[in-house]
Protein chains: 2
Amino acid sequence: MNAVTTVFRALDDETRRVILDELSARDGQTLFEICSTLSTRHGLSSTRQAISQHLGVLEAAGLVVTEKRGRSKFHYFNPEPLAEIARRWPVGERSPE
Amino acid sequence: MNAVTTVFRALDDETRRVILDELSARDGQTLFEICSTLSTRHGLSSTRQAISQHLGVLEAAGLVVTEKRGRSKFHYFNPEPLAEIARRWPVGERSPE
DNA sequence: TTGATAGGCAAGCAGCTACTTGCCTATAGT
DNA sequence: ACTATAGGCAAGTAGCTGCTTGCCTATCAA
């Protein structure tokens, strides 16, 4: 599938946007940490599998990169795909170059 | 529905992104003009109704604003919703403020 | 080795999306 | 008035999404 499509499709879901917000606030969280922070700090009651699938979508879009150590998998926010979008439709207001 | 969601959902479709590209290149086109440029310059063979619905999605997201004169309706690209997104996840590299 | 922890895989289901089809309204020209 | 042009409305359908459910693998601690 088109790479740009995967980025926008990943971001069209509120839960996934909250996950990105969470990771950009506290990077390197594991799946269970994300599950817990989502329910306690954001009032989202999703199952672990649902969150795992959301993370998969974000990772496929390149918005999240992961690192596996032992039995844990750490998730990091990667803003690069957003930068490409910003370059495609520059937002006027102030010129980027 | 969430305003941010409508923006991303509008942009997760390649045809709609091409429409936006077209409008940002040549603003103020009518539905039939867009249909024709999409098929001749972008090789997309969508029906008029399909394009009309795509434009409806883009308009609902605020990415396209329209002006009706006579029996024609002119479409204009509005980058403002993209600016809001850029403000939500600033793209590092250079600080926006 | 046994049990607990961290996470993955895959099938199934409900709801949504994109597209088509057919018909309708409104404006413009003659 | 009649016809053509520009566009809208609505129903139906195929395919995709998000979520759940149930079970499986892998690592760590005792």
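Proteins get letters first, then strands, A, B, ... in listed order; numbering begins at 1 in each.
- Look at Arg41(B) and Glu33(B) and you find no salt bridge, because none of the NZ, NE, NH1 or NH2 atoms lies under 4.0 Å from a carboxylate O.
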Identify each atom pair where a protein N or O and an N or O of nucleotides 27-30 of chain D are less than 3.5 Å apart, giving names and distance.
unit_1: dT27(D); atom_1: O2; unit_2: Arg71(A); atom_2: NH1; d: 3.2

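- Thr37(A) and Ile34(A) get closest at one heavy-atom pair: OG1-O, 3.1 Å.
- When all heavy atoms are compared, the tightest approach of Glu59(A) to Lys73(A) is OE1-NZ, 3.7 Å.
- Here dG18(D) presents its C1' atom at 14 Å from CG of Leu55(A), a figure rounded to the nearest Å.
- Using a 4.0 Å heavy-atom criterion, one finds that Ser46(B) contacts no nucleic acid atom at all.
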Trace of the side chain to side chain contact (heavy atoms under 4.5 Å, CB included) decision for His42(B) with Asp21(B)
CA-CA 11 Å; His42(B) 299 276; Asp21(B) 286 336; 5.5 Å; no
What do the steps show when you test Val57(B) against Leu63(B) for side chain to side chain contact (heavy atoms under 4.5 Å, CB included), and what is the final call?
CA-CA 9 Å; Val57(B) 173; Leu63(B) 287 161; over 6 Å; no
Side chain to side chain contact (heavy atoms under 4.5 Å, CB included) between Leu11(B) and Asp12(A), intermediate numbers included
CA-CA 9 Å; Leu11(B) 288 165; Asp12(A) 81 3; over 6 Å; no
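- A straight line from CD1 of Ile51(A) to C1' of dT20(D) spans 13 Å, rounded to a whole angstrom.
- Comparing His54(A) and Phe74(B) by the nucleotide of DNA chain D whose heavy atom lies nearest to each, the residue mapping closer to the 5' end is Phe74(B).
- Place Thr47(B) and Lys68(A) on DNA chain C by their nearest nucleotides, and Lys68(A) ends up nearer the 5' end.
- Contact annotation: the side chain of Arg48(A) approaches that of Leu31(A) to within less than 4.5 Å [non-hydrogen atoms, C-beta and beyond].
- Taking every nucleotide of DNA chain C with any atom under 4.0 Å from a non-hydrogen atom of chain B, the first and last of them, 5' to 3', are dT17(C) to dA28(C).
- Counting all heavy atoms, side chain and backbone alike, Pro81(B) lies closest to Val7(B) at CB-CG2, 3.8 Å.
- Within a heavy-atom distance below 4.0 Å of DNA chain C, the residues of residues 31-41 of chain A found are Leu31(A), Phe32(A).
- In this structure, CD1 in Ile51(B) is found 4.5 Å from CG in Leu38(B), a value given to the nearest 0.5 Å.
- Listed pair Ser72(B) / dA6(D) fails the phosphate criterion, with no side-chain N or O lying under 4.0 Å from OP1 or OP2.
- Following rounding to the nearest Å, Arg9(A) (CZ) and dG15(D) (C1') show an atom-to-atom distance of 11 Å.
- Listed here is the closest heavy atom pair of Arg16(A) and Ala10(A): NE-O, 2.7 Å.
- The nearest heavy atom of DNA chain C to Asp13(B) and to Gln49(A) marks one nucleotide each, and the one closer to the 5' end goes with Gln49(A).
- Between Leu23(A) and Phe77(A) the shortest heavy-atom distance is CB-CB, 4.0 Å.
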